[in-house]
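Notes for the one structure printed next.
For the numbers below, each heavy atom of this structure counts, side chains included, while hydrogens, waters and symmetry mates do not.
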Amino acid sequence: MTVATRLHTYGSQSFRPFHLLGNRMVCAIINWMFKTNISDIFSGYRAFTREAASLIPITARGFDVETELTLQALYRGLVIKEISAPYRARPEGSFSKLRTVSDGLAVMLKLFLILKSYKPLTFFGLSSIGLLVLGLAAGSRPVYEYITERYVHAVPSAILAAALVLLAFFTLGLGLLLNSTNLRLLELEKLLCKQLARHRDSDRPQ
C-alpha cells in the first residue's frame, strides 16, 4: 500500500491545529504498538496492489476508514510505503466536511477496537498492569496495618485490593489466550491465501 503523506510539505492554513495534533498523536500510538514509522495516518491518497486490496477487510464507513486501512495492513504484515506530497490550503469558498470532535471520537473508538482485537496481549497487558498497580495501592494500608498491628482494620480496602489483583491476573491470562488465537488465525489466513494463489496459477493457460 502506497500512501501520500501530506505532513512534510504543507501550507500554513492546510490543517486545523487540532487535526494536526490528533494525527500525530494517533501516529505515535500506532508506531509504538506496531514498531513502525507511519507519519500521516489520515491521508486518503492511497494506492493498493491487487493482493493488498483483497486481503484488507474494511468495516468503517466514515473518516476512520484510513485508520482501519493502515491497522489492517500492519496486522497482516503488508508493506506500507509513504511518499511525500505537497498539500496546499483549500481554495477560498470551499470548506472541510470534517468535524473535529465527532470524527476524532470515531477515530479513537476505531483505534481502541482494532488494537483490542489485533493486539490483545499489548492491550490487555497494559490493562493488567494498571489493575495491578491499583490493587497494590489499595492493599498498602491493610498490609501496613497487618505488619504493625497484626490486625487489619481496613477490611474493605483489603477486599478491593484482592479483587483488583485477581482481575489483573485474569486480564493478563485473557490477553495471552486471545494473542495465541490471533496468531493461529493469521497463520490460517496466510495458508489459505497461498492455496488460492496456487489454484489461480494452476488455472492459468500454459
Side-chain angles (χ1 to χ4, degrees), residues 1-7 19 22-85 87 96-128 171-204:
M1 180 168 65
T2 303
V3 184
T5 175
R6 307 158 298 167
L7 301 186
H19 290 183
N23 196 333
R24 289 172 175 166
M25 181 183 69
V26 174
C27 285
I29 295 174
I30 292 175
N31 289 335
W32 173 71
M33 296 287 282
F34 288 91
K35 303 298 185 291
T36 186
N37 192 30
I38 302 297
S39 64
D40 188 4
I41 187 70
F42 298 139
S43 174
Y45 303 100
R46 296 167 185 258
F48 309 85
T49 61
R50 185 185 298 273
E51 179 187 7
S54 64
L55 285 176
I56 300 176
I58 295 299
T59 58
R61 296 185 179 182
F63 182 61
D64 52 336
V65 66
E66 292 90 353
T67 306
E68 185 170 7
L69 282 169
T70 302
L71 292 174
Q72 295 281 12
L74 290 173
Y75 170 71
R76 285 166 172 78
L78 302 180
V79 176
I80 299 179
K81 175 67 175 179
E82 287 191 329
I83 299 177
S84 178
Y87 190 70
S96 174
K97 296 180 180 179
L98 302 180
R99 295 163 295 181
T100 302
V101 177
S102 59
D103 288 333
L105 290 176
V107 168
M108 295 307 296
L109 178 61
K110 177 62 66 176
L111 181 64
F112 171 82
L113 293 175
I114 291 181
L115 292 180
K116 176 179 65 64
S117 300
Y118 294 101
K119 281 288 187 177
L121 185 56
T122 302
F123 180 85
F124 288 101
L126 292 175
S127 301
S128 175
T171 304
L172 179 60
L174 180 61
L176 291 170
L177 179 62
L178 291 176
N179 186 68
S180 299
T181 303
N182 264 9
L183 290 176
R184 297 299 166 264
L185 289 175
L186 189 59
E187 289 175 355
L188 290 174
E189 181 183 277
K190 291 184 177 181
L191 287 174
L192 288 173
C193 290
K194 288 182 179 180
Q195 292 295 330
L196 290 174
R198 288 176 182 174
H199 283 302
R200 285 196 298 266
D201 293 338
S202 62
D203 292 339
R204 291 175 182 173

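Residues meeting the ring-ring contact (aromatic ring centres under 6.0 Å, His included) test with Phe48, sequence neighbours left out: none. By the side-chain contact (heavy atoms from CB on, under 4.5 Å) test, Ile80 pairs with Met1, Val3, Ile38, Thr70, Ala73, Leu74, sequence neighbours left out. Applying the ring-ring contact (aromatic ring centres under 6.0 Å, His included) test to Tyr75 and every residue at least two apart in sequence or in another chain returns Tyr118. Evaluation of the salt bridge (charged side-chain N to carboxylate O under 4.0 Å, His left out) rule for Arg184 yields Glu187 as partners, not counting sequence neighbours. Every ring-ring contact (aromatic ring centres under 6.0 Å, His included) that Phe123 has, sequence neighbours left out, goes to Phe112.
Not one N or O on the side chain of Asn179 forms a donor-acceptor pair closer than 3.5 Å with the backbone of Gly175. In terms of modelled atom types and a separation under 3.5 Å, the side chain of Lys35 and the main chain of Trp32 share a donor-acceptor contact. No donor-acceptor pair under 3.5 Å is formed between the side chain of Asn182 and the backbone N or O of Lys119.
Remark: Ile30 CD1 to Met25 CE distance equals 10.5 Å, nearest 0.5 Å. To the nearest 0.5 Å, the span separating CG on Leu178 from CG on Leu174 amounts to 4.5 Å. The CG atom of Leu71 lies 11.5 Å from the CD atom of Glu66; values are rounded to the nearest 0.5 Å. For the atom pair Leu188 CG and Leu183 CG, the distance stands at 11.0 Å (nearest 0.5 Å). Leu172 CG to Leu126 CG: the interatomic distance, rounded to the nearest 0.5 Å, is 11.0 Å.
Applying the salt bridge (Lys or Arg N to Asp or Glu O under 4.0 Å) test to every pair with at least one member in residues 73-82, sequence neighbours left out, gives these pairs: Arg76-Glu189.
Counting all heavy atoms, side chain and backbone alike, Leu69 lies closest to Arg46 at CD1-CD, 3.8 Å. Considering every non-hydrogen atom in both Thr171 and Ser128, the closest pair reads CG2-N, 4.1 Å.
Side-chain contact between Ser43 and Thr5 is absent, with no heavy-atom pair separated by less than 4.5 Å. Annotation: side chain of Asn23 is in contact with side chain of Arg6 (closest heavy-atom distance under 4.5 Å). Residues Phe124 and Leu176 form no side-chain contact, since every pair of their non-hydrogen atoms from C-beta on lies 4.5 Å or further apart.
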